[in-house]
Amino acid sequence: MSERIAVILGDEQTKELRDYVYTLVSDSVANAKRDASISQKWLCKNAGASYAGVSAGTFNGWIRNEGLPVHVINGTVLVSKYDIDKFINGNGNISN
């Protein structure tokens, strides 16, 4: 038979543990959402901005001014994850 051990936490420790668990779960959910779209090859502009980790305005600037390629089909603007990755890897400076 297993023995149960009770742990009594103070108010501050309880809050810290609750915050830690919340952050851990929130990060795990965000990662799962991100990973779920890995197999998705084409993205709309807003999803493309989110994938790149930039604002919609910055992403639109990359399209208008920097040459990030998009594909327009019947008014729907799509961008390839491959093109986003290629664009990011080919622009800017790498810093440590």
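Scope of the values below: all heavy atoms of this structure, side chains included, with no hydrogens, waters or symmetry mates. Each residue takes its place number in the sequence, starting with 1.
Put simply, Ile8 and Ile5 are part of two different groups of oily side chains (I, L, V, M, F, W, Y) that touch within less than 4.5 Å, one to the next. Under the 4.5 Å side-chain heavy-atom criterion for ILVMFWY residues, a single connected hydrophobic cluster contains both Val72 and Ile63. Trp42 and Ile88 sit in two unconnected hydrophobic clusters of ILVMFWY residues. Membership requires side-chain heavy atoms under 4.5 Å apart, directly or through other members.
Side-chain atoms of Asp85 and Tyr51 include a donor-acceptor pair closer than 3.5 Å. Side-chain contact of Ser55 with Thr58: a donor-acceptor pair under 3.5 Å is present, judged by distance alone.
The closest side-chain heavy-atom distance from Val25 to Val21 is below 4.5 Å. Val70 places none of its side-chain heavy atoms less than 4.5 Å from the side chain of Asp83. The shortest distance between side-chain heavy atoms of Val79 and His71 does not fall below 4.5 Å. Contact check for Leu78 versus Leu43: no side-chain heavy atoms found under the 4.5 Å cut-off.
Every residue was checked against the side-chain hydrogen bond (donor to acceptor under 3.5 Å, both in side chains) condition with Asn65, not counting sequence neighbours, and none meets it.
By the 30° and 60° cut-offs, the orientation of the rings of Phe87 relative to Trp62 is tilted.
Atom CG of Leu68 and atom NZ of Lys45 lie 10.5 Å apart (nearest 0.5 Å). One distance of note links CD of Glu16 with CG of Asp11; it measures 11.5 Å at 0.5 Å rounding. Rounded to the nearest 0.5 angstrom, Asn89 CG and Ile84 CD1 are separated by 12.0 Å. In this structure, the separation between CD on Glu12 and OG1 on Thr14 is 9.0 Å, given to the nearest 0.5 Å.
More than 12 heavy-atom neighbours from other residues, nucleotides or ligands sit within 6.0 angstrom of CG on Asp27.
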